[in-house]
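Inspection log for the structure reproduced underneath, given as structure tokens.
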Amino acid sequence: MEENEDRRHSLRLDMESDKIEISWQDENHQLQTTDATCVDLARHGVLFEHKNSFKLGELIQISFNPDNDKRHTVKGQVCRCKNVDEFFHTVVQLVPSY
């Protein structure tokens with residue numbers, strides 16, 4: 001397998017840099033909410049770009065269409081966070097919410 005070959009098997013949706021809203025608890029257990037940029041969405045995860053880095057395992061709530069009545073929120077856990085220029089690309093593995 002080539003080093004750059006994509007090992008993922010699910011379909012990826014290019015979100016064309018759509019605005020999303022992310023929420024998480026900071027180190028003082030205070031809820032933080034801000035905008036981020038969605039890079040792509042897959043069946044089991046979301047890749048977004050943000051100015052802050054996140055720790056592996058951190059829980060994040062992601063809201064799509066945050067400014068209208070089509071708002072949809074999912075929850076996930078950070079499985080990768082990489083510095084790219086002045087931003088961080090964060091991958092969140094979605095977790096079922098009941």
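Bear in mind that the values here come from a model prediction, so they are computed numbers and not experimental data. The figures here come from the full heavy-atom set of this structure, side chains too, leaving out hydrogens, waters and symmetry mates.
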Only one of Asn65, Asp67, Thr37 passes side chain to side chain donor-acceptor pair (under 3.5 Å) with Lys19, and that residue is Asp67
How close do [X] and [Y] get, heavy atom to heavy atom, and via which atoms?
{"X": "Asn68", "Y": "Lys70", "value": "OD1-N, 2.7 Å"}
{"X": "Glu49", "Y": "Ala36", "value": "O-CB, 3.5 Å"}
{"X": "Ala42", "Y": "Leu94", "value": "O-CD1, 4.4 Å"}
{"X": "Leu56", "Y": "Arg80", "value": "CD2-N, 3.7 Å"}
{"X": "Thr73", "Y": "Gln61", "value": "CG2-CG, 3.2 Å"}

[X] versus [Y]: any side-chain heavy-atom pair under 4.5 Å?
{"X": "Gln93", "Y": "Val95", "result": "no"}
{"X": "Phe64", "Y": "Asp18", "result": "no"}
{"X": "Leu59", "Y": "Lys75", "result": "no"}

For the atom pair [atom1] ([X]) and [atom2] ([Y]), what is the distance rounded to the nearest 0.5 Å?
{"X": "Trp24", "Y": "Thr33", "atom1": "CH2", "atom2": "OG1", "value": "7.5 Å"}
{"X": "Ile62", "Y": "Ile60", "atom1": "CD1", "atom2": "CD1", "value": "6.5 Å"}
{"X": "Cys81", "Y": "Phe88", "atom1": "SG", "atom2": "CZ", "value": "6.0 Å"}
{"X": "Phe48", "Y": "Ile22", "atom1": "CZ", "atom2": "CD1", "value": "4.0 Å"}

| request: Verify the cluster assignment for Val46 and Phe87: are they in a single hydrophobic cluster under the rule of side-chain heavy atoms below 4.5 Å apart? | output: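 Different hydrophobic clusters.
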Honestly curious: do Leu41 and Val78 fall in one hydrophobic cluster under the side-chain, below-4.5 Å linking rule?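 They do share one cluster, since a chain of ILVMFWY contacts under 4.5 Å joins Leu41 to Val78.
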I'd like to know whether CG of Asp26 has more than 12 heavy-atom contacts from other residues, nucleotides or ligands below 6.0 angstrom.
yes
Show your working on side-chain contact (heavy atoms from CB on, under 4.5 Å) between Thr34 and His50 and close with a plain yes or no. CA-CA 9 Å; Thr34 188; His50 192 261; 3.0 Å; yes
